[in-house]
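For the single chain, residues carry numbers from 1 onward in sequence order.
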Amino acid sequence: MSTPTPSSIVETKDGKVSVASAFPGHQEAVLDRDHKFLTRAVEEAYRGVECGDGGPFGAVVVSNNEVIVSCHNMVLRNTDPTAHAEVTAIREASKKLNQTELSNCEIYASCEPCPMCFGAIHLARFKRLVYGAKAEAAIAIGFDDFIADALRGTGFYQKACLEIKQADGTGAVIAEQIFEKTKAKFPMY
């Protein structure tokens, strides 16, 4: 096995180097690393169930091969329907790192994230998400948080009795004005 030369390194459209395809053995190392952190997320899910905090879901936030936080579902303990493992991990990692953008981090989830968790992962700007079980495994034992199935058109989620309506008239205008009036305070990206 020879060491690749710089000319054998593949560049993507945005100029980033594809290390996985450039160095032999890198993909195996990534798989071992993923297995290690995903196993930790699953162990966290078991821990949460054992202590009665919530459903069988765990999440681990990693930066530079170091676990920043390891969390589980806290819905029952906190009486908070948003305290899913991924959201809890994002909250804790953000506090610990004192930042709202986690673009230097990866998140490992024991199960495919629900739309709320996926949205939170997206908003936190994680560079990578690795999950274990498919949503169908959780659906099969009664968890119906996976409204993604309704969005996918598979029809698994049929429980929603929620009316969604945008406000009419001045209510909508007043709500939209806050963005224009405060945009100078939020130089985002």
Side-chain angles (χ1 to χ4, degrees), residues 30 33-49 51-154 156-157 159-160 162 164 166 175-176 178-179 182-183 185-189:
V30 169
R33 194 176 154 283
D34 286 351
H35 179 73
K36 177 176 107 176
F37 293 128
L38 190 55
T39 298
R40 177 99 177 248
V42 171
E43 289 168 352
E44 190 67 47
Y46 277 112
R47 188 175 298 114
V49 171
C51 63
D53 287 344
F57 304 96
V60 174
V61 174
V62 175
S63 180
N64 298 320
N65 289 323
E66 179 185 327
V67 172
I68 304 302
V69 295
S70 181
C71 298
H72 54 261
N73 183 291
M74 300 287 286
V75 168
L76 299 176
R77 181 183 184 104
N78 294 350
T79 319
D80 178 358
T82 69
H84 290 195
E86 299 91 335
V87 171
T88 301
I90 291 167
R91 290 172 180 163
E92 294 301 316
S94 292
K95 284 180 198 170
K96 188 171 183 176
L97 297 172
N98 195 31
Q99 57 192 51
T100 57
E101 187 175 295
L102 302 172
S103 60
N104 62 332
C105 298
E106 301 167 281
I107 188 165
Y108 291 81
S110 62
C111 186
E112 180 179 5
C114 73
M116 176 188 70
C117 293
F118 182 76
I121 290 165
H122 170 75
L123 291 173
R125 305 288 192 251
F126 280 94
K127 66 179 177 182
R128 192 161 180 260
L129 159 66
V130 177
Y131 68 88
K134 294 282 291 163
E136 286 75 13
I139 292 167
I141 66 164
F143 285 90
D144 64 1
D145 297 340
F146 295 92
I147 58 172
D149 288 311
L151 301 173
R152 290 179 192 155
T154 59
F156 280 108
Y157 187 78
K159 272 185 143 177
L162 173 67
I164 301 172
Q166 182 180 15
E176 289 176 2
I178 191 168
F179 298 106
T182 63
K183 70 181 177 185
K185 294 181 185 273
F186 301 99
M188 296 303 258
Y189 305 102

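- In this structure, A120 and V87 approach most closely via the heavy-atom pair CB-CG2, 4.1 Å.
- Residues R33 and V62 meet the side-chain proximity criterion, which asks for heavy atoms closer than 4.5 Å.
- Considering CD of E112 and CG of L129, their distance stands at 9.0 Å, rounded to 0.5 Å.
- When all heavy atoms of C51 and H72 are compared, the pair lying nearest together is SG-NE2, 4.1 Å.
- Using a 4.5 Å heavy-atom threshold, the side chains of N104 and Q99 count as touching.
- E44 places no side-chain N or O within 3.5 Å of a backbone atom of G58 that could act as its donor or acceptor partner.
- Scanning both residues, L102 and S94, for their nearest heavy atoms gives CD1-OG, 3.8 Å.
- The CD atom of E43 lies 10.0 Å from the CG atom of L38; values are rounded to the nearest 0.5 Å.
- Remark: S103 engages E101 in a side chain to side chain donor-acceptor pair (under 3.5 Å) (not counting sequence neighbours).
- For the pair R128 and D34, the minimum side-chain heavy-atom distance is below 4.5 Å.
- Using a 4.5 Å heavy-atom cutoff, the side chains of P113 and I107 are not in contact.
- Here the OG1-CZ distance, from T100 to R125, works out to 9.5 Å after rounding to the nearest 0.5 Å.
- The two residues C71 and A89 come nearest to each other via the heavy atoms SG-CA, 3.7 Å.
- Expressed to the nearest 0.5 Å, how far NE2 of H84 lies from SG of C117 amounts to 5.5 Å.
- Residues C105 and S63 approach most closely at SG-CB, 3.9 Å, considering heavy atoms.
- The structure places SG of C114 at 11.5 Å from CZ of F143, a figure rounded to the nearest 0.5 Å.
- Note: N73 CG to D53 CG = 8.5 Å, rounded to the nearest 0.5 Å.
- Residues passing the ring pair (Phe, Tyr, Trp, His ring centres under 6.0 Å) test with Y131: none are found, sequence neighbours excluded.
- Using a 30° and 60° split on the angle between ring planes, F37 and Y108 fall in the tilted class, from 30° to 60°.
- Donor-acceptor pairing under 3.5 Å is recorded for the side chains of T82 and R91.
- Contact between G52 and L76 at its shortest, heavy atoms only, is O-CB, 3.8 Å.
- K96 contributes no side-chain N or O that, together with a main-chain N or O of V69, makes up a donor-acceptor pair within less than 3.5 Å.
- A donor-acceptor contact shorter than 3.5 Å is absent between the side chain of N64 and the backbone of E66.
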